[in-house]
Asker: 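First the structure, which I've put down as structure tokens, then a few questions once you've had a look.
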Amino acid sequence: MAFIGQLSKWRENNRLEFKSARGGFPRSFWETYSAFANTNGGLIVFGVDETPDGLKMSGVANAAALVRDLWNNLNNPQKVSANLLLDSDIAIHQVDGAELVAIKVPRADRTQRPVHINNSMNAGTYRRNGEGDYHCTMEVIRAMVRDSYDGALDKEVVERVGLDALSSDSIRRYRNEFDGVRLNHPWSDLSDTEFLLRLGAIGRSEDDGKLHPTKAGLLMFGEAWRITDEFPNYFLDCRQVSEGRRWDNRITSDSGDWSGNVYDFSSRASRMLCEGLPVPFELDSNMRRIDDTPQHEAVREGLANALVHADYYGRTGIVAIQRRSTVEFSNPGLLRIPAEVVEGGGVSDPRNRTLMTMFNLIGVCEKAGSGFDLLKRAARYANVAQPTFEEFLDPDRTKLTLHIEMDGTKLAKYGRSSFIDSGIDAGINNGDFSINDGEAGENVGQRQGNDDEAGENVGQRQSNDGEAGENVGKHDANDEGAVNEKRIDGRVARTLRTERAVLECIASDSKMTAGAIAEQTGLSERQVERTIRRLRESGKLKRIGGARGHWEVRECE
């Protein structure tokens, strides 16, 4: 009876199926095998009848023969597209004098999906929903086929769209943020075209030899009405919702008064979703007020997660909603790895690898599978429930829910200082580029971990832009001094331009906030804050009157 007692855990999440098998090997097994493999796995038991009075152990006539037939068919590609089982997945049990055969079907890896039967993907692909197996629609099958691709699908060139589909303002804002986060990076000296090539935002068509946006570049920097040329269902939606109302504030990609692309949506939505999150008064080691908390970091990570994991060909769009006690992110497409693996951390399998690299290069979005750890860390900081993932079928969607604390007095009581002192925060440095930006030997352009493009070092300049045989990441000894001098001059000029822009904003309004300066100049808030710090240290800028005071410009050329 121990085996029967174990079945209760398989009943959860609809992962248990009984087959009578009185007349031999049940033909319906294969539909269930496909359904479990294409959903979340499950357990199939031969020799059990489900009756109104409960389970009846009818047993099987010849368990060994059934197992032999099973292996023969599993290894027949005309019967099933993939054999997912190991010897340990099949077991024979004795229950009340009857022989039962238990078959554990694992969730198939995305590269093996869709698992189909009878040599027909269209007619032989099933999934599990409710208490039965159902035949998949072509929409679902196409989504599984897309996910089975093991490369960076979003790096494909969109040949029917020209470079004029990209927003120059979005590119400028991204480059400003990139320069602020990746100080002294060699890409900063490149032209926009060269920069976008290395970023993977544009590529050269093999058919016409011309440059076109990649799918990632179109999503990141395109105008929304041009993005829908490739992704007809593209839609981004961010809302602030109070109880009893549809929404208080809302941003949508189709409003027509802004670009509507993923990059600009990320900036706008982050500000909206973080609005109202309490910031208890705390100072860092340099006696500067800390204006960010782990909750802010978690919200930005959750938004980026939805944007880089979305199936933009899916039927529904990306929706982010801030409520009183939660922030919810939902995106088209299911998880590409099991939820328990995601929650365990250390594994990352983004649906849009190039898009993730673009965000990572500006300090947004964890890339080593530690993003969920950051979300859990924020929950511990705020003393709220842990984040949760949910998957929904037809249409396929994934939903991430973050629980938040809006009461600043509670955060003050269990604030960052005690959080760090307790050891919970030890060893985690998320998004703080002010420490590492200048460290020698850092190659901030190099892709790490599972997101590597094989053999590619994106920190090294290649010769693809027409200069045959030239590796512009290396220089002859005779030219090295001149090139380094040119780079230094370029960085100094950019730094001066950034400082001048910030000083001019403050000179026009001595109480202007970092967020307002960022909005006016196109810089990121982090870049503005670092620039202000540099200006204060150099004596060009002075704060008068503390947090409620104003700025005094000492020098503004």
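Along the sequence shown, residues carry numbers from 1.
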Asker: Only counting residues at least two apart or in another chain, list the ones meeting side-chain contact (heavy atoms from CB on, under 4.5 Å) with Arg160.
Answerer: Val158, Glu230
Asker: Thinking salt bridges, do Arg110 and Asp150 make one under a 4.0 Å N-O criterion?
Answerer: yes
Asker: Using only atom types and a distance under 3.5 Å, with no angle test, would you say the side chain of Thr326 pairs donor to acceptor with the backbone of Arg323?
Answerer: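 The answer is no, because no donor-acceptor pair under 3.5 Å joins these two groups.
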Asker: Got Phe265 and Ser253 here, is their nearest side-chain heavy-atom distance under 4.5 Å?
Answerer: no
Asker: Counting N and O atoms only, with roles assigned by atom type, does the side chain of Glu504 sit under 3.5 Å from a partner on the main chain of Ala501, one being a donor and the other an acceptor?
Answerer: no
Asker: When you check the gap from the basic side-chain N to the acidic O, do Arg380 and Asp373 get nearer than 4.0 Å?
Answerer: no
Asker: Evaluate the criterion salt bridge (Lys or Arg N to Asp or Glu O under 4.0 Å) for residue pair Arg397 and Glu390; output intermediate values, then yes/no.
Answerer: CA-CA 8 Å; Arg397 290 187 69 76; Glu390 298 175 86; over 6 Å; no
Asker: Under a 4.0 Å threshold between the charged nitrogen and the carboxylate oxygen, would Asp179 count as salt-bridged to Arg497?
Answerer: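 Answer for the salt bridge query: no.
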Asker: Step by step, work out the side-chain contact (heavy atoms from CB on, under 4.5 Å) result for Leu523 and Glu177.
Answerer: CA-CA 6 Å; Leu523 302 171; Glu177 191 166 1; over 6 Å; no
Asker: Parallel, tilted or perpendicular: which describes the rings of Phe178 and Phe195, with under 30° parallel and over 60° perpendicular?
Answerer: perpendicular
Asker: Is Asp164 salt-bridged to Arg226, cutoff N-O under 4.0 Å?
Answerer: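 Yes, this pair counts.
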Asker: Quiz question: by atom type and distance under 3.5 Å, do the side chains of Thr398 and Glu391 form a donor-acceptor pair?
Answerer: no
Asker: Measure centre to centre between the rings of Tyr263 and Phe359, then say whether the value is under 6.0 Å.
Answerer: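 Tyr263 vs Phe359: aromatic centres not under 6.0 Å.
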Asker: Considering only NZ, NE, NH1 and NH2 on the basic side and carboxylate oxygens on the acidic side, decide whether Arg377 and Glu297 come within less than 4.0 Å.
Answerer: yes
Asker: Checking Tyr313 now: which residues fulfil ring pair (Phe, Tyr, Trp, His ring centres under 6.0 Å) with it, not counting sequence neighbours?
Answerer: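 For Tyr313 the ring pair (Phe, Tyr, Trp, His ring centres under 6.0 Å) partners, ignoring immediate neighbours, are Phe231.
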Asker: Going by an N to O cut-off under 4.0 Å, is there a salt bridge joining Arg172 and Asp192?
Answerer: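 No.
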Asker: Assess whether a salt bridge exists between Asp147 and Arg113, defined as any Lys/Arg side-chain N lying under 4.0 Å from an Asp/Glu carboxylate O.
Answerer: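 Salt bridge: no.
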Asker: With the threshold set at 4.0 Å, does a side-chain nitrogen-carboxylate oxygen contact exist between Arg336 and Asp349?
Answerer: yes
Asker: For Phe392, enumerate each residue passing the ring pair (Phe, Tyr, Trp, His ring centres under 6.0 Å) test, keeping only those at least two apart in sequence or located in another chain.
Answerer: none
Asker: What's the spacing between Arg239 CZ and Ile321 CD1 if we round to 0.5 Å?
Answerer: 4.5 Å
Asker: Decide side-chain hydrogen bond (donor to acceptor under 3.5 Å, both in side chains) for Thr293 and His296; before the verdict, give the C-alpha distance in whole Å, the side-chain angles of both, and the deciding distance to 0.1 Å.
Answerer: CA-CA 5 Å; Thr293 73; His296 292 76; 2.8 Å; yes
